[in-house]
**Student:** 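One structure, as structure tokens, below. Some questions next.
Counting convention: from 1, in listed order, for ligands and their atoms alike.
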Amino acid sequence: MKHFPRCDATTAWAALGGHYQAHGRDLDLREAFARDPARFERFSFEAPELFCDLSKNRLDAATLRFLADLARECGVEAWRDAMLAGEKINLTEGRAVLHTALRAPPGAAPFSDEVHAGREAMLAFAESVRARAGDVAKPLRHVVNIGIGGSDLGPQMAVAALAPFAEPRLGMHFVSNVDGHDIASVLSRVAPAETLFVVASKTFTTQETMANAATAKAWFLAGGGSEADVAAHFVAATTNVEAAARFGIATTFGFRDWVGGRYSLWSAIGLPIAIAVGAAGFRELLAGARAMDEHFASAPVEKNLPMLLGLVDVWYRNFHGFASRSVAPYHHGLKRLPAYLQQLEMESNGKRVDREGRALPYATSPVVWGEPGTNGQHAYFQMLHQGTETIPVEFILVKQADARAGSSAAVRDALASQQRMLLANGLAQAQALMQGQKSAEPHRDFPGNRPSTTLVLDRLTPQSLGALIALYEHRVFTAGAVWGIDSFDQWGVELGKTLGGRLLPLIDGGLADGAGLDASTAGLLQRLRS
Ligand code: F6P
């Protein structure tokens, strides 16, 4: 890979600094719209399945020009091409990053034959599970996914989003937490003979997943199942086929180490999605992501929506100093999207050193958080409107409700009329954040000029969801490439795991005067034991 300068050593970074001082810091959105009647058209963009309005952001044409220069100077396009070609851009783990290969057309990406064969096996199995739901004598009624992090958040988010497309006879459940209350709650609602467990773990070593899988197996055996039945009621999605076999699992869907956990819903980890929406639905999800991949791979920076979003993230984080971004999906099916994005963005770009290990003098990942609209409006929007921090908000609006979500004519009518309220609320919040409201009474005064981005989907379908997720993946990639970090490792989660392992035996006893522990940890341990 050619050497590119660190972002803060580029000409564009210096230009952006000057531009921020001269125009960016004090840019008033209301004045910007008054000055430029074409502002909306100028700063709105099309990408596969999506429309994006950036016009309510604190930027102008020069900002986008400098940001595009920044992307080029930092080699974002070269790093993108290297990723797509299968080069080992995950330097600290010595791995390629090829989740895009999982949705590429045949022959168009590395490992094509292997990917195709693995997907066909997984989709055939998903169809067989769906068929078992219709078995009159011994119907399958429940699928329980046991996994955590990327082996939970993506599939769980997508299954919730695509509920109107799902096989209605199958209950889809997700267990992730090592807290036994999580699995206890699910097991109290299902019966062994009617349940399929999917043990989803890239490594098949993750403590939470192994503990929950062992509990599920013990419950299954205690409920009358035999060891032979385990093979029919437990399957695995993992890169560690041997460990799954040792657990007693006969059916394993594999994938490779070049699929990062938080990028894995397109792989065998997507099995619950495929079970819910079927092979055709899963293929549509992949097709939506593929369309976004093609846009990301070919559109010039100035029109490349994932790149633009990632660059605006850099603009806000490093020049405006905004420390967080709130995501407000105005579709209840996207209720798990903020949690999914927290891992995608913060595990990818929450890094304090560059690819070579040098400490960074500038900020990286913002805090990403949110709730579906309109719920968030009645919780934290107060702070967005009148708090002391400026927090850019990302609205996701979906034009049409899905009539399939309605179980009767009355509910379908309500879906349509409540959809109008939903959209009006989303639009109104973005408008209020920007406009503000002058009042002589300070408590009623809204300063306004608060930035927001609005993404619009026509409908929430497997295809549009695929495009939306891929948009976020490539946006995170873009910001990470500008910051010069390895967006694909996650060493920061290891220390807590190691210390957790050391503390585990001390929870029940055996602590010699708190030896080796800081006073706080030792004190808390005593408190928990007494
Ligand atoms: O601890 C972080 C992490 O490694 C994530 O990156 C990953 O998605 C999650 O744990 C689960 O890992 P696995 O799929 O190997 O169980």
**Student:** State which residues pass ring pair (Phe, Tyr, Trp, His ring centres under 6.0 Å) with His474; sequence neighbours excluded, sorted by chain then number.
**Tutor:**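 Applying ring pair (Phe, Tyr, Trp, His ring centres under 6.0 Å) to His474 gives Phe296.
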**Student:** Indicate yes or no for a side-chain donor-acceptor contact from Thr238 to the backbone of Ser201 under 3.5 Å, with no hydrogens or angles considered.
**Tutor:**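 Yes.
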**Student:** What residues sit with at least one heavy atom under 4.0 Å from ligand 1?
**Tutor:**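 Heavy-atom contacts below 4.0 Å: Ile148, Gly149, Gly150, Ser151, Ser201, Lys202, Thr203, Thr206, Gly261, Gln343, Glu347, Gln490, Val493, Lys497.
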**Student:** Would you please name every residue forming a side-chain contact (heavy atoms from CB on, under 4.5 Å) with Leu187, sequence neighbours left out?
**Tutor:**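 Applying side-chain contact (heavy atoms from CB on, under 4.5 Å) to Leu187 gives Ile183, Val190, Phe197, Thr215, Trp219.
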**Student:** Do Trp79 and Phe477 have their ring centres less than 6.0 Å from each other?
**Tutor:**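 Not close enough - the centres of the two rings lie 6.0 Å or further apart.
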**Student:** Are Tyr263 and Phe488 close enough that their ring centers fall under 6.0 Å?
**Tutor:**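 For Tyr263 and Phe488, the ring centres are under 6.0 Å apart.
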**Student:** I'd like to check the side-chain contact (heavy atoms from CB on, under 4.5 Å) partners of Asp179; sequence neighbours left out, ordered by chain and number.
**Tutor:**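 So Asp179 forms a side-chain contact (heavy atoms from CB on, under 4.5 Å) with Asn177, His181.
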